[in-house]
Amino acid sequence: MNSYQQEIITAISWCLAWGNDRKPQFDITVLREMQKALRSKGDVPDEVQALVDAVKELDNLPFPETLNDLKQLTEKHPILWESKIGLVYGGVTKVKGYVFESEKLPDIRGASGLLDQINVVDLRAFFNHNYQPESSNERDKNLYSIQCNDVRTWLNENFNQDCELSEVLIPELIIYSTGGNILAFCPPAFVDDLANAIEKRYTYRTLTANSCAVGETFKLLEIKLGLLRDNIEDTFWLEKYQENYNHEIIESYFGKITENSSIPEDNFKNRKSFNELTTKLAISFNQRRSGNDFENRPTRRYPPMFETHPYLRRDETEKRSAITQANDLPGKPYYSESSAIKRKFSDRVKTGEYKETDWYPEGKHPIDDGWIKRFESFLANNHQQKYQYAENSNFDNIEIAESLTHLGKVSNGYIAYIYADGNNMGGAIQKIRTPQEYQDFSQDVDNATRYAVFIALAENLKPRKLQGIDESQSRLKNGDFIHPFEILTIGGDDILLIVPADKALQIAKIIGEQFEKILLGEVEISNLHIKGDYKIEEKLTNPNKFHRFHETISEHNQCKLSMSSGVLITAYNTPIYYAENLVTQLLKSAKKYAKTLNYTDEKTNKKITYYGGTVDFFTMKSVTMISASIEEFRNKALTFDKLKLYAAPYTLPELEKFFKSIQALQKAEFPKSQLYQIRSFLEKGRRTASLNYYYFRYRLNKGHRLKENFEHIWCPAKTNNGNIAPWMCDIKENSKEETKYETIWREMVDLFGLIEFADTKHSEKVEQETTP
């Protein structure tokens, strides 16, 4: 039995030993001795031995094949059938409305960091868990220990009926607390208290952020077998499911049986597990978030409201009544209390230290382990990535950007937003049957997401020197080195970054690749162990079926999970709320494309699915370029009858070939005027555009580069050995649809002057040295 399984046994045993009332059925010292013994795998007190034995039996129970077997199971294990356990699920809602309420980067950074700290530090502190920062600094550890103690003091002051709530909760009760959500066991009598505490903590720390938490009590046996009726004979069980699994109502609940899916019995077992309990909580969560009342709990129908007055000064961003003026900040801005909290937290993220100011007394929250600090800790423990990113640089001399202007100035005026999200998560979660698997899955995905981002940033970026900023409006000066990126959030399988435009697509590609490799155990990272098995048993034997290029790639393993990304490249002064909306559209487009990547094998008649990641990107050089949605713009401005003047989204291997073609275009020394002329001729028809392209390409001294790395890769004709550059056939094999054409030329031209490759200058130098 591994340590992770032991934690779940300890959690369930604690709740069982506490009992159904607000006072424990055994002396609290007995419970503490039991907890200590289970942690060290020692002997538990005699008083609770029978309860612990019953919990250990739970995981080994056979799945009853008939209703009669189920009934006998309840009679054979009365403790598991009669005992109750609480389960609570909660977290922040309407995250973007809170985080992007202001357009200023420090406020956004502060809002995102604050929500992350509540989820990762405060809520875990409820359970007597002391947060351990990724840095080995003893000062930071001591400060976090103080903060966690303050959180428990607050919890006990607000929820101390009969006993202090922190005395009821232990660290092992947490199943997961990542991605802005928490799922945890608790003794049944304290379900409402814990759910209320979660909601209240978010309001206490932020004033305006929305949060929601729900709880339910279940029979212990339901952890193993899903929801059961009090009268066990009324339970819908396997026999009835086997007779009715094709019924539309049954299919909507248990899932549809297809030729490629598992047998009906497996479908039923996947549903009748711990998964069914979490599904019930998710439904309750959505109901409460929508404003429905819950018995014995305060309503959340009325969110916090801050009145304003026509004769009072208002906050410059949120239009709430201002309570303070920050005289030590550039421009001396006015802040409402909620915005002051964000800004103060942002300053602490930047420095890692608590600094008292006279414009807002922050209280007892002395430190934050911000994303930049975590990134630096990762580099300190992984020397290869540290050398790639900063070689021997001292991180104390590298500053954090204070605004989008700073990020734009180190990236030729253009930045990129990367919004990434996991694929196939829902399908994977539906097959999780136990709390242990939930815990492992959550931790694995969180680690893979975080380290994929860190590796991608380290391999593609280096600290950059600020130039051309107005020093009177900035604490930083020209010549200062800054980290050229901003991590707005990494939570669960969600990622939102701001990076330099010249490296954005490379970063998005590596994030997707590293996410899969980390889960497959193909990447070595200090102190990281992936606990789950995410490899698909059958190798992808014909991967070229899913990609539009014509270079053959070999068969390879597939990961059950992958990452899709949306990338928006735009000017640094584009309003951030507008950019966030567009990059969200791109992410949805990439995920939608990922779902279409499958085909039916003619020999076996089996559906073959591509599980890899995808990327959709868009280059917006003018804020007025898009008046509606990106999809509408593409349909109206870039689609003509049988011609599609763009090729996005791309699979990750396609993106690799796309980079190869752009490099060839850059090295071919194609005059810019001709690039844009060919682009303008695309909408005039396939033959006109091809004639124009070949005319200019043949005149180039280095035109062979495009022939090898663009035409041969993307543009072979379907019926002969020629090329149809700059077009490629957009039609599936054996399809009866009329042939359509698309092109990557427009996207190549858009990125021609924006994207940079590390090996371009080196290869040009080698060519000059070797060319006679």
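- Thr10 and Gln6 form no side-chain donor-acceptor contact under 3.5 Å, judged by distance and modelled atom types alone.
- Aromatic rings from His547 and Phe549 are positioned such that their centres are separated by under 6.0 Å.
- To the nearest 0.5 angstrom, Lys41 atom NZ is 9.5 Å from Ile9 atom CD1.
- Looking at Tyr534 and Asp444, their side chains do bring a donor and an acceptor atom within 3.5 Å of each other.
- Between the side chains of Asp616 and Ser589, at least one donor N or O lies within less than 3.5 Å of an accepting N or O.
- Judged as a salt bridge (charged side-chain N to carboxylate O under 4.0 Å, His left out), the pairs with a partner in residues 494-505 (not counting sequence neighbours) are, in order, Arg464-Asp502.
- Atom-to-atom distance recorded for Leu123:CG and Ile174:CD1 is 8.5 Å, nearest 0.5 angstrom.
- With 3.5 Å as the limit, one finds a donor-acceptor pair spanning the side chains of Glu376 and His483.
- For Tyr599 and Tyr610, the ring centers are positioned 6.0 Å apart or more.
- Between Val445 and Phe515 the shortest heavy-atom distance is O-CE1, 4.1 Å.
- For the residue pair Ser211/Arg201, the side-chain donor-acceptor check at 3.5 Å is not satisfied.
- Because its NZ or CZ atom is not both nearer than 6.0 Å to the ring centre of Tyr650 and within 45° of the ring axis, Lys509 does not count as a cation-pi partner of that residue.
- Every residue two or more places apart in sequence or in another chain was checked for a ring-ring contact (aromatic ring centres under 6.0 Å, His included) with Tyr202, and none qualifies.
- With no hydrogens or angles considered, a side-chain donor-acceptor pair links Gln147 and Gln117 at under 3.5 Å.
- Annotation: salt bridge (charged side-chain N to carboxylate O under 4.0 Å, His left out) contacts involving residues 423-438, sequence neighbours excluded, are absent.
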